[in-house]
Amino acid sequence: MVCVAYLPQSYKLTLSLAALLLPLLAGAAVAEDPDVQFDCDPTVVCRDITPVDFSLSNPDEKIIEATMRISTRMTAGATEDLTELVYEIQSSLGRIDDFSPRTKLSSEYVEPIQIIKTVGKNNTIGGSVNGTMAAPIPLPASAHPVASLGRNEHDSVTEEMRKMPAKKPLIISGTFSQRQGVFFKFKQSNQVSLEGIKSITCSFIVPRDWRGDYLLVSCRADGQGSRYFIKGIYPCGESRFVVGLYLEGDLEAKQAAIGLADRQIALQRHGVSFDAVADESESDSEKNGLQNAAKLLRRFAGNHR
């Protein structure tokens, strides 16, 4: 056994660092960082939901509605380490008219919290006198005079109040880019699971002759993990999709949307990353095929395209 006191200072420093790093390395080996994969519908059918009053005031436009399903799957780590899902939908169709789900707050308490407080008050008056009376001559017994006076009162007041429980955000949603995009943030909660399928519904104001187009959908997951032995909240999954849209009952626009989906699937099979339909100067044939399919679908986007 080597005595640490006789080791050089450099060896002592090495042993100290090893003693600090071993627990961290052991913890990193046991706790696996979360890893998330996303999936999304490649094509979505749209319904015409234009109200009569909107048509009367906007004869050149209509309102369509699309519902997308986004699937989240954890391939590593624990579910409780997943803290947030962020979805962004960017539209070139037109202004976003409405979206769902809306911002939602939740609490683990189903009823207001009842607080009961009892205040007590005591009022006591009392006294006693004890003593031994002596006589000049012996007496057969000692006399011990005792006197006492007392009063004890107890009053209690009960105060009762109800307090609304604190709520935490379960879903946060809103628009950006002058209502050309919409975002959704799903927070970790003991009420729902972040894994599984989330349905997102958006309605758009489009030209009256609109028949089809596409959306850009971005997905990101944040979770508790470690980077260089530092624990914190880090991105643990990211995906982007091009979603083809077509009007209900329009077979020609539907075939164009399916063609866009097939090109996207071909990209994924070849392991080629893409940033939606951006960077048209890219010479990759698969990306060019996706861009051409997107342009083909946009022919149905209406008269102002």
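- Taken from CD1 in Ile171 to NZ in Lys198, the straight-line distance is 8.0 Å, to the nearest 0.5 Å.
- Classification of Asp209 and Arg211 as a salt-bridged pair fails, no side-chain N sitting under 4.0 Å from a carboxylate O.
- Between the Arg179 side chain and the Arg95 main chain, no donor and acceptor come within less than 3.5 Å of each other.
- Both tests pass for Arg102 against the ring of Phe99: distance under 6.0 Å to the centre and angle within 45° of the axis.
- Separation of the Phe186 and Tyr87 ring centroids falls under the 6.0 Å cut-off.
- Gln90 places no side-chain N or O within donor-acceptor distance of the main-chain N or O of Gln180, the cut-off being under 3.5 Å.
- The closest side-chain heavy-atom distance from Leu260 to Tyr214 is below 4.5 Å.
- In this structure, the side chain of Ser193 engages the main chain of Glu195 through a donor-acceptor pair within 3.5 Å.
- Judged by distance alone, the side chain of Thr175 and the main-chain N or O of Val182 form no donor-acceptor pair under 3.5 Å.
- You'll find the side chain of Ser71 stays beyond 4.5 Å of the side chain of Phe38, heavy atoms only.
- For the residue pair Thr50 and Ser55, no side-chain donor N or O sits within less than 3.5 Å of a side-chain acceptor on the partner.
- Between the CD1 atom in Ile200 and the CZ atom in Phe183 there is a gap of 12.0 Å [rounded to 0.5 Å].
- Checking Ser203 against Asp98 by side-chain atom types alone, no donor-acceptor pair falls below 3.5 Å.
- Between the side chain of Asp41 and the main chain of Arg69, a donor-acceptor pair closer than 3.5 Å is present.
- Asp48 CG to Lys62 NZ: the interatomic distance, rounded to the nearest 0.5 Å, is 5.5 Å.
- At least one donor-acceptor pair closer than 3.5 Å links the side chain of Ser173 to the backbone N or O of Thr103.
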